[in-house]
Novice: 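Sharing a structure below in structure tokens format, with a few things to ask.
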Amino acid sequence: MAKTLVFLEVLDGEVRTASLEAVGVARNIIGGEVYGILIGKGVSSLKDEAARYVDKLFVSDSDELDYPYPVPFAKTIAEVMEKEGIDYFLISSTVVGREIAPLVAGLVDAISVEEVTGMESAEVIVKPVVSNKAFAHIKLLKDKKVIAVKPKAFAPAQAGDSAGEVVEITPNTDRGGLTVKHIKEKEKGEIDVTEADIVVSGGRGLGGPEKFQLLRELIDVLTQVTGLKVALGASRAAVDAGWIDHSHQVGQTGKTVSPQIYFAIGISGAIQHLAGMRTSKYIIAINKDPEAPIFKVADYGIVGDLNQVVPELIEKLKQYKKN
Amino acid sequence: MKILTIIKRVPDTAANIKILEDGSGIDKTNLNYVTNPYDEYALETALRLKEAKGAELEVLAVSDNQDILRNALAVGADKAYMVEYADYDKLDPYNLSRIYAEVIKQKGPYDIILTGKVTIDDNSYAIGGYLAAFLGLNYVSHIVSAQFEGDELVVEKETDRGSETLSISLPAILTHERGKYEPRLPNLRGIMQAKRKPLDVLKLEDLGITITPAYEIIKLTPPPKKEGGRILESVDELVEVLKNEIKVI
């Protein structure tokens with residue numbers, strides 16, 4: 001019977017939904033025993049809740065681990081895998097996950113695959129390749145497998161009625177030569193594009209940085225009306241123009257997203273941008289140029305001036321909510 | 001100080017990519033090859049570190065073509081290694097990392113190793129982590145810049161947490177996100193100079209490496225086709241779509 005260890009990534013004091021999706025893959029596709037691991041400063045406070053998702057939960061809590069230092073995190077994970085005879089290590093394919101996954105794989109002599117969006121079986125994964133222009137179906141041939149699953153690609157696991165056993169482990173606090181000098185935190189409540197259900201993205205057609213405020217208003221009203229996670233995205237043109245931070249960029253040199261709905265507003269649809277969002281379930285384009293390539297991939301399009309269309313959409317959604 | 005940048009030759013994915021009928025791979029006719037874009041950012045940062053410290057900069061690729069290495073020499077790298085391997089594009093990241101690790105053991109030690117966070121052909125983020133594990137190096141991924149403050153190597157990252165400034169002690173491997181500065185292009189003088197710079201060709205046999213595949217690509221399939229899009233005439237219609245078709249409100 002397979003044994004899987006899932007890294008439960010903590011962000012803003014909570015286990016990320018993306019990590020629960022990885023637990024879902026372990027439960028529904030790989031099967032067998034599913035273990036979880038929490039590492040970091042203060043993670044003990046989450047253990048009772050986290051234990052409800054797994055058969056056994058390992059906890060490594062230390063004030064020294066106030067940042068996801070890849071080396072001690074990976075060494076702790078590798079030690080648990082070896083001690084418990086674990087074949088599969090699952091992690092969400094976030095920045096932290098993609099950093100730790102191959103390091104763990106190297107330590108336990110496993111194959112590491114990241115950005116996994118599908119699984120045909122416990123041995124065959126599916127992931128986008130060549131800038132999302134193809135999906136590769138890959139059979140993993142090594143005994144040990146490290147799989148980083150793309151956020152939003154799988155359904156999250158549900159908490160069980162009973163909690164798994166909690167095992168406290170001695171933290172590894174050797175930070176691997178890494179020192180945190182400064183962290184400028186993101187605005188609170190801002191959702192990352194890769195984790196959003198709906199992405200509202202703006203491009204060159206916005207004409208200036210101030211128009212992102214309009215998109216933020218649309219995000220607020222969409223959040224209220226749908227109850228879903230809505231995030232702000234941008235095309236490379238808008239980022240290069242200095243209108244918005246690179247962390248919002250969707251595309252070949254930015255982030256790859258596949259939300260339920262992708263709003264492309266004032267985005268022409270350069271091939272590099274399409275590479276980052278074409279797997280979205282629904283694409284809605286708003287652009288004044290009817291020839292814009294974005295309309296070729298969009299499910300729904302409105303040809304018009306975003307300065308009229310977006311405020312009207314905000315207004316109509318507000319009315320809809322009232323009714 | 002010695003710096004190594006690892007680069008990969010990948011299809012130019014900005015162009016049209018066609019999957020072969022039988023799904024066995026992508027159609028290579030008329031395909032252009034480029035340096036993996038994230039490796040170019042890694043190389044630019046390596047050049048800046050070299051200039052700041054007067055370091056030696058070497059580049060490494062596993063390939064059957066010297067073009068990207070000559071380019072790297074033309075923008076300022078001092079020496080190149082090519083591990084000659086015809087099926088380099090089919091190597092899984094585990095085996096590719098084993099080859100890199102062996103070259104590093106034989107030609108190093110290096111104080112800093114830089115490469116892209118991801119290779120866009122196989123969409124693998126694994127090289128940095130594998131090398132850190134195989135070689136016991138300090139490691140940080142997804143950096144947007146790296147510079148020396150005195151003898152301290154300071155890197156910046158953009159993450160889900162925000163903007164992070166970290167320092168890392170050497171030797172270390174760093175993987176590069178899209179950088180804060182654009183990679184430089186070769187000029188004519190650089191291209192001429194590159195012809196006289198050393199480019200050593202190595203064979204797998206010389207490195208004592210045999211390949212046992214860690215994965216097998218069974219097939220490639222195209223992304224799900226979009227049905228022809230629909231142009232909506234009004235915002236009211238869009239609200240209707242959100243309600244009745246997408247069913248999100």
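Lettering follows sequence order; numbering is per chain, from 1.
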Novice: Among side-chain atoms of A/Glu99 and B/Tyr139, is any donor-acceptor pair under 3.5 angstrom?
Specialist: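 No.
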
Novice: Counting only non-hydrogen atoms closer than 4.5 Å, does A/Asp240 touch chain B with its backbone (N, CA, C, O), its side chain (CB onward), both, or neither?
Specialist: side chain

Novice: Mind listing the side-chain donor-acceptor pairs of residues 310-318 of chain A below 3.5 Å, one per line with the distance, residues two or more places apart or on another chain?
Specialist:
| from | atom 1 | to | atom 2 | distance (Å) |
| --- | --- | --- | --- | --- |
| A/Glu312 | OE2 | A/Lys316 | NZ | 2.8 |
| A/Lys316 | NZ | B/Asp236 | OD1 | 3.1 |

Novice: Measuring heavy-atom distances to chain B, does A/Ala134 have an atom under 4.5 Å in its side chain, in its backbone, in both, or in neither?
Specialist: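 Contact with chain B is through both the backbone and side chain of A/Ala134.
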
Novice: Under 4.5 Å, counting heavy-atom pairs only, tell me which of B/Pro93, B/Ser124, B/Ala132 racks up the most with chain A.
Specialist: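 Result: the option with the highest number of such pairs is B/Ser124.
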
Novice: Which one, A/Ser247, A/Ala105, A/Ala101, leads in non-hydrogen pairs under 4.5 Å with chain B?
Specialist: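 With the most close heavy-atom pairs to chain B, the winner is A/Ala105.
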
Novice: Pick one of side chain, backbone, both or neither for B/Leu242, based on which atoms fall under 4.5 Å of a heavy atom in chain A.
Specialist: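 For B/Leu242, the contact with chain A is made by the side chain alone.
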
Novice: Would you verify whether the NZ or CZ of B/Arg230 falls within 45 degrees of the ring axis of A/Tyr300 while also being under 6.0 Å from that six-membered ring's centre?
Specialist: no

Novice: Chain B heavy atoms under 4.5 Å from A/Gln260: which part of the residue, side chain, backbone, both or neither?
Specialist: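 It is the side chain, since no backbone atom gets that close.
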
Novice: Let me know if B/Pro213 has heavy atoms under 4.5 Å from chain A in its side chain, its backbone, both or neither.
Specialist: both

Novice: Given a strict heavy-atom distance threshold of 4.5 Å, which part of B/Phe134 is in contact with chain A: side chain, backbone, both, or neither?
Specialist: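 For B/Phe134, the side chain is the part near chain A, not the backbone.
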
Novice: Test side chain to side chain contact (heavy atoms under 4.5 Å, CB included) on B/Arg178 and A/His246 and set out the steps.
Specialist: CA-CA 9 Å; B/Arg178 181 180 170 221; A/His246 175 241; 3.6 Å; yes

Novice: Does a side-chain heavy-atom distance below 4.5 Å link B/Glu158 with A/Asp245?
Specialist: yes

Novice: Restricting to side-chain hydrogen bond (donor to acceptor under 3.5 Å, both in side chains), what partner residues turn up for B/Ser145, sequence neighbours left out?
Specialist: B/Glu156

Novice: Hey, which of A/Pro70, A/Ser112, A/Gly177 has the most heavy atom pairs under 4.5 Å with chain B?
Specialist: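 Maximum pair count with chain B is reached by A/Gly177.
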
Novice: Which bit of A/Val146 is near chain B, if near means a heavy-atom gap under 4.5 Å: side chain, backbone, both or neither?
Specialist: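 It is neither, since no heavy atom gets under 4.5 Å.
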
Novice: Examine distances only and state if a side-chain atom of A/Glu185 and a backbone atom of B/Gly162 form a donor-acceptor pair shorter than 3.5 Å.
Specialist: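 Looks like no, no N/O pair under 3.5 Å.
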
Novice: Do B/Glu216 and A/Leu141 pass the side chain to side chain contact (heavy atoms under 4.5 Å, CB included) test, and can you show the C-alpha distance, the side-chain angles, and the key distance before you say yes or no?
Specialist: CA-CA 7 Å; B/Glu216 177 201 352; A/Leu141 301 174; 4.1 Å; yes

Novice: Which heavy atom in A/Pro102 sits nearest to a heavy atom in B/Ala126, and how many Å separate them?
Specialist: CB-O, 3.3 Å

Novice: With a 4.5 angstrom heavy-atom cut-off, could you sort out which part of A/Leu274 is near chain B: side chain, backbone, both or neither?
Specialist: neither

Novice: What is the minimum heavy-atom distance between A/Gln252 and B/Tyr38, and which atoms define it?
Specialist: O-OH, 2.6 Å

Novice: Could you look at A/Tyr67 and say if it's the side chain, the backbone, both or neither that has a heavy atom under 4.5 Å from chain B?
Specialist: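 The side chain, not the backbone.
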
Novice: Checking B/Val154 against chain A: side chain, backbone, both or neither under 4.5 Å from a heavy atom?
Specialist: side chain

Novice: Can you tell which part of B/Ser234 gets under 4.5 Å to a heavy atom of chain A, answering side chain, backbone, both or neither?
Specialist: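 For B/Ser234, the backbone is the part near chain A, not the side chain.
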
Novice: Minimum heavy-atom separation for A/Ile183 to B/Glu164, with atom names?
Specialist: CG1-CG, 4.0 Å

Novice: Against chain B, work out which of A/Glu123, A/Lys145, A/Arg236 has the most heavy-atom pairs shorter than 4.5 Å and name it.
Specialist: A/Arg236

Novice: Measure distances from A/Lys142 to the heavy atoms of chain B and classify the residue's part below 4.5 Å as side chain, backbone, both or neither.
Specialist: both

Novice: Work out which heavy atom in B/Pro223 is nearest to a heavy atom in A/Asn132; give both atom names and the distance.
Specialist: CG-O, 3.4 Å

Novice: Look only at the side chain of A/Lys127 and the backbone of B/Asp122, and say whether a donor-acceptor pair between them is shorter than 3.5 Å.
Specialist: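 Checking the backbone N and O of B/Asp122 against the side chain of A/Lys127, a donor-acceptor pair under 3.5 Å is found.
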
Novice: Given that the side chain runs from C-beta out, which part of A/Glu9 has a heavy atom under 4.5 Å from chain B: side chain, backbone, both or neither?
Specialist: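 Side chain only.
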
Novice: Please classify the contact of A/Pro128 with chain B as side chain, backbone, both or neither, using a heavy-atom distance under 4.5 Å.
Specialist: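 Contact with chain B is through both the backbone and side chain of A/Pro128.
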
Novice: Which heavy-atom pair separates B/Ile249 from A/Val225 by the least distance, and what is that distance?
Specialist: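 Closest pair (atom of B/Ile249, atom of A/Val225, distance): CG2-CG1, 3.4 Å.
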
Novice: Which atoms of A/Val104 come close to chain B, meaning under 4.5 Å heavy atom to heavy atom: side chain ones, backbone ones, both, or neither?
Specialist: neither

Novice: Please classify the contact of B/Lys157 with chain A as side chain, backbone, both or neither, using a heavy-atom distance under 4.5 Å.
Specialist: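 Only the side chain of B/Lys157 comes within 4.5 Å of chain A.
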
Novice: Please step through side chain to side chain contact (heavy atoms under 4.5 Å, CB included) for the pair A/Ile261 and B/Val248, ending with a clear verdict.
Specialist: CA-CA 9 Å; A/Ile261 310 178; B/Val248 74; 3.7 Å; yes

Novice: Which bit of A/Ile125 comes within less than 4.5 Å of chain B, counting heavy atoms only: side chain, backbone, both or neither?
Specialist: neither

Novice: Using a strict cut-off of less than 4.0 Å between a Lys/Arg side-chain nitrogen and an Asp/Glu carboxylate oxygen, indicate whether A/Lys181 and B/Glu152 qualify as a salt bridge.
Specialist: yes

Novice: Hey, is B/Asp27 close enough to A/Lys133 for a salt bridge, meaning N to O under 4.0 Å?
Specialist: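 The answer is no: the pair does not qualify as a salt bridge.
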
Novice: Work out which heavy atom in B/Asn138 is nearest to a heavy atom in A/Gly176; give both atom names and the distance.
Specialist: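 Nearest heavy atoms, B/Asn138 then A/Gly176: OD1-O, 2.9 Å.
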
Novice: Which bit of A/Val126 comes within less than 4.5 Å of chain B, counting heavy atoms only: side chain, backbone, both or neither?
Specialist: neither

Novice: Which atoms of A/Ala110 are under 4.5 Å from chain B, going by heavy atoms: the side chain, the backbone, both sets, or neither?
Specialist: backbone

